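Okay, so here's the structure we're looking at.
In what follows, chains carry the letters A, B, and so on, assigned in the order in which the sequence lines appear, proteins first and then strands, with residues in each chain numbered from 1. Predicted model, so just to flag it, every value in this text is computed and none were measured.
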Amino acid sequence: MTTEIRTRYAPSPTGYLHVGGLRTALYNYLFAHGHGGKLLLRVEDTDRTRLVEGAVENFLDIFNWLGITFDESPKVGGPHAPYVQSERLSLYVAATKRLAEDGHAYPCFCSSERLDQVRAEQQAASKPPMYDRHCRELSKSDSFARIAAGEPHVWRMAVPVNEVVEIDDLIRGKVSFETATIDDQVLMKSDGFPTYHLANVVDDHDMRISHVIRGEEWLPSTPKHVLLYRFFGWEPPRFAHLPLLLNPDRSKMSKRSGDVAVEAYRDKGILPEALLNFVALLGWHPQDEREFFTLRELVKEFSLDRVNKAGAVFDQAKLKWMNTEYVARLSSEDIWNGVAPLLPESLLDEANSRVRYAVESLRPGAESYADLSGKVVEAFSVPDDKLDAWDDAQLALVGDVADALAALPAAQWNDFEALIASFKSAANVAGANRGLKGKGIWMTLRMAMTGREHGPELGRLIGMWGREGTLNRLHGAVAKRLSSESRA
RNA sequence: GGCGCGUUCGUCUAGGGGUCUAGGACGCUGGCCUCUCACGCCGGUAACACGGGUUCGAAUCCCGUACGCGCUACCA
């Protein structure tokens, strides 16, 4: 029989979700769900000095936005609750006691000053900085007397002297470590909280975690964990260490260069589907050359043996491209619902059909809702006065077109396609009468109505503006030209 | 310094001894389309870190070197 696949995402509550954490959580989700297993969220808040208020709620909130769900978590509970380490202290205490009784852990009374000094000396002698095991040889009776006397202490693991610990990583294969290079890690801190090493082993076992899928930065401490499993007599889970997400300079991705918080991408207008899709492809590749996947499809396609070993640079430009693709695939309704809240009320007050037409007309190439709303606002803006170095023919052209448009039956303004055709013929007729053609016609009208030389197709713009808005722009341009002429 | 991991176009990657004069995507870039910009379409640019092996044959296997990164806390 096969045991149930259970994975976990175990962040410390530092206040925001790192995109690397997202990738880790996503792979855990994909792996678990792809095997009919479960993913759980466990909060590793054993460092009291780094607690951030509201961090857990924030995680839940952002994962909810992403559409990643946890089968067990502090929020929904589960058979192995609580899912917050600070609420599981008695477990770690019991575990430490057990290790101490078996001689696998010992109390250490060294002050942090002494530790610092030892470390400094070792580094000065360019030797590896490791605990010198000063307290390991203390007699049990001595130690217990000092503990009873209330002397501050930590508990360290007694790492075997000359052994080789081998781990069989699902992504990297066999990796081995000599115990001589492994430090006597602190398991229990003097404040009574466990370190990550102890807590994650105790909890992963207690929560029946079958696969530990985490970042590569954990690979060097994995032998410590393996040793702990052995001390406890527990079967260790399978390990899979994911390649790191990198800055453009190939260092571990950090705040230093660009955004690392998922929240930042959300605020920037990146769609959750796009972010998930993009991040999934950082370190993993499907069997074929497809690159667009829904979460569902990812669950189906994902496998650990197609995860790469080398770190991946988080390419902002490609993310932007992918988001643009996702925006392009949105339904008219979805994109309207995304953009409308970002538009000024003055626009929404108007007949929405024209604003919707603007959204539809302007969406090709839009990178996000915010980008598109900006384009809409810009399209509706009225040109300010300036330039107008037109000759008489251009002036007359603008007047002619205004007259022609004014004469259009009202219904025409509600039929955008027909309107474009009418506008084009009006412009061409006027152009022919005034001796203008091609750009002479169009750039003149464009400058008259928008005040800029670049922008959306004119025929569409007048549809967005409607009869009144269009005629106002045309008449306004003529008036401005005439007034500047009289001034001159 | 020690330990560990890694190394295919600028970036994400395909590739698992011959089908590779190394494929796709982003970026960059040339052209087309066009009232302009954008979009779209067509094309181009650019990589197997290096050195030894093994083999008839290596991007693919082995060893070494270099370089990069990670870890080296009473942080995770």
Side-chain angles (χ1 to χ4, degrees), chain A residues 10-14 44-50 85 108 110-112 115-116 119 122-131 152-156 169 171-172 175-178 180-183 185-197 199-200 214-223 241 243-244 246 248-252 278 281-291 306 308-322 324-325 328 362-366 375 424 427 431 437-447 450 452-459:
Chain A
S12 58
T14 51
E44 313 228 321
D45 59 345
T46 56
D47 184 353
R48 299 174 315 160
T49 66
R50 297 209 307 182
Q85 291 188 326
C108 169
C110 294
S111 66
S112 49
L115 259 20
D116 290 344
R119 199 172 299 126
Q122 289 166 330
Q123 274 170 348
S126 66
K127 289 203 288 210
M130 283 174 71
Y131 178 57
H153 62 283
V154 300
W155 288 86
R156 289 181 181 274
D169 191 272
I171 292 171
R172 282 148 219 286
V175 182
S176 55
F177 300 83
E178 309 235 354
T181 66
I182 302 175
D183 210 354
Q185 254 304 322
V186 170
L187 261 20
M188 268 293 199
K189 297 181 273 189
S190 55
D191 64 1
F193 280 74
T195 59
Y196 170 84
H197 305 288
N200 104 83
R214 76 221 309 188
E216 185 187 353
E217 69 268 29
W218 293 108
L219 190 54
S221 53
T222 304
H241 288 93
L244 260 20
L246 275 22
D249 70 356
R250 304 203 73 84
S251 59
K252 188 174 166 183
F278 174 70
L281 262 11
L282 253 26
W284 171 83
H285 195 277
Q287 293 186 37
D288 49 38
E289 287 184 332
R290 279 179 299 161
E291 50 189 351
R306 291 194 67 82
N308 287 131
K309 297 179 176 70
V313 172
F314 191 96
D315 184 356
Q316 307 280 347
K318 191 158 186 177
L319 170 59
K320 188 163 145 184
W321 163 78
M322 182 157 272
T324 302
E325 291 294 316
L362 270 19
R363 57 178 296 186
K375 288 180 201 278
K424 281 187 176 171
K437 59 182 179 179
K439 292 187 182 179
I441 299 173
W442 302 106
M443 290 313 287
T444 298
L445 291 172
R446 178 175 293 285
M447 289 305 295
T450 70
R452 303 178 186 202
E453 48 186 344
H454 300 310
E457 187 185 326
L458 285 175

Rounding to an integer number of Å, can you tell me how far [X] [atom1] sits from [N] [atom2]?
X	N	atom1	atom2	value
A/I171	B/G70	CD1	C1'	15 Å
A/L246	B/U11	CG	P	11 Å
A/K309	B/U7	NZ	P	7 Å
A/D183	B/U72	CG	C1'	8 Å
A/Q287	B/U13	CD	P	17 Å
A/W218	B/A76	CH2	C1'	4 Å
A/Q185	B/C74	CD	P	7 Å
A/D116	B/C74	CG	C1'	11 Å

Just checking [X]: base, sugar-phosphate only, or nothing, at a heavy-atom cut-off of under 4.0 Å?
X	result
A/G215	nothing
A/P13	nothing
A/V175	sugar-phosphate
A/F177	sugar-phosphate
A/S190	base
A/R172	sugar-phosphate
A/T444	nothing

Interatomic distance at [atom1], [N] relative to [M], whole Å:
N	M	atom1	answer
B/U13	B/C48	C1'	13 Å
B/U60	B/U7	P	12 Å
B/A49	B/G6	P	15 Å
B/G24	B/C9	C1'	12 Å
B/G51	B/A58	P	14 Å
B/G44	B/A22	P	13 Å
B/A14	B/U29	C1'	24 Å
B/A76	B/C69	P	26 Å

With a 3.5 angstrom cut-off on both distances, give the Watson-Crick or G-U wobble partner of [N], or none if there isn't one.
N	value
B/G68	B/C5
B/G51	B/C63
B/C33	none
B/A58	none

Considering all heavy atoms, the nearest [X]-[Y] contact:
X	Y	value
A/Q185	A/H197	OE1-CD2, 3.4 Å
A/A312	A/L282	CB-CG, 4.2 Å
A/D183	A/Y131	OD1-N, 2.9 Å
A/P194	A/A199	CG-CB, 3.9 Å
A/R306	A/H285	NE-O, 2.8 Å
A/P129	A/R119	CB-CG, 3.6 Å

### Electrostatic pair A/D47-A/R50, nearest N-O below 4.0 angstrom
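Answer for the salt bridge query: yes.
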#### Entry: Flag, side chain of A/R363 to backbone of A/A328, donor-acceptor distance under 3.5 Å
yes
#### Entry: Main-chain N/O of A/P13 paired to A/D45 side chain as donor or acceptor, under 3.5 Å
no
Quick one: pull up [atom1] in [X] and [atom2] in [Y] and give me the separation to the nearest 0.5 Å.
X	Y	atom1	atom2	answer
A/R156	A/T195	CZ	OG1	10.0 Å
A/E216	A/K309	CD	NZ	11.5 Å
A/M443	A/H454	CE	NE2	7.0 Å

Check whether any side-chain nitrogen or oxygen of [X] sits under 4.0 Å from OP1 or OP2 of [N], and answer yes or no.
X	N	value
A/T46	B/A76	yes
A/K127	B/U72	no
A/N308	B/A14	yes
A/R156	B/A73	no
A/R250	B/C12	yes
A/R214	B/C71	no

### Task
Report, as a single string ordered 5' to 3', how protein heavy atoms within less than 4.0 Å touch nucleotides 22-39 of chain B: B base, S sugar-phosphate only, - not at all.
-BSBS--------BBB-S
### Query
In B/S/- notation, 5' to 3', how is nucleotides 45-51 of chain B contacted by protein heavy atoms closer than 4.0 Å?
-------
### Query
Which nucleotide, B/C75, B/G1, B/C71, lies nearest any side-chain atom of A/K252?
B/C71
### Task
State whether the number of non-hydrogen atoms from other residues, nucleotides or ligands found under 6.0 Å of A/E178 atom CD is greater than 12.
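No, not enclosed.
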### Residue mapping more 5' on RNA chain B - nearest nucleotide basis, A/P128 or A/E44
A/P128
### Task
Specify the residue among A/L281 and A/K189 whose closest nucleotide of RNA chain B lies further upstream toward the 5′ end.
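So the residue in question is A/L281.
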### Query
Got a donor-acceptor pair under 3.5 Å from the side chain of A/T181 to the base of B/C3?
no
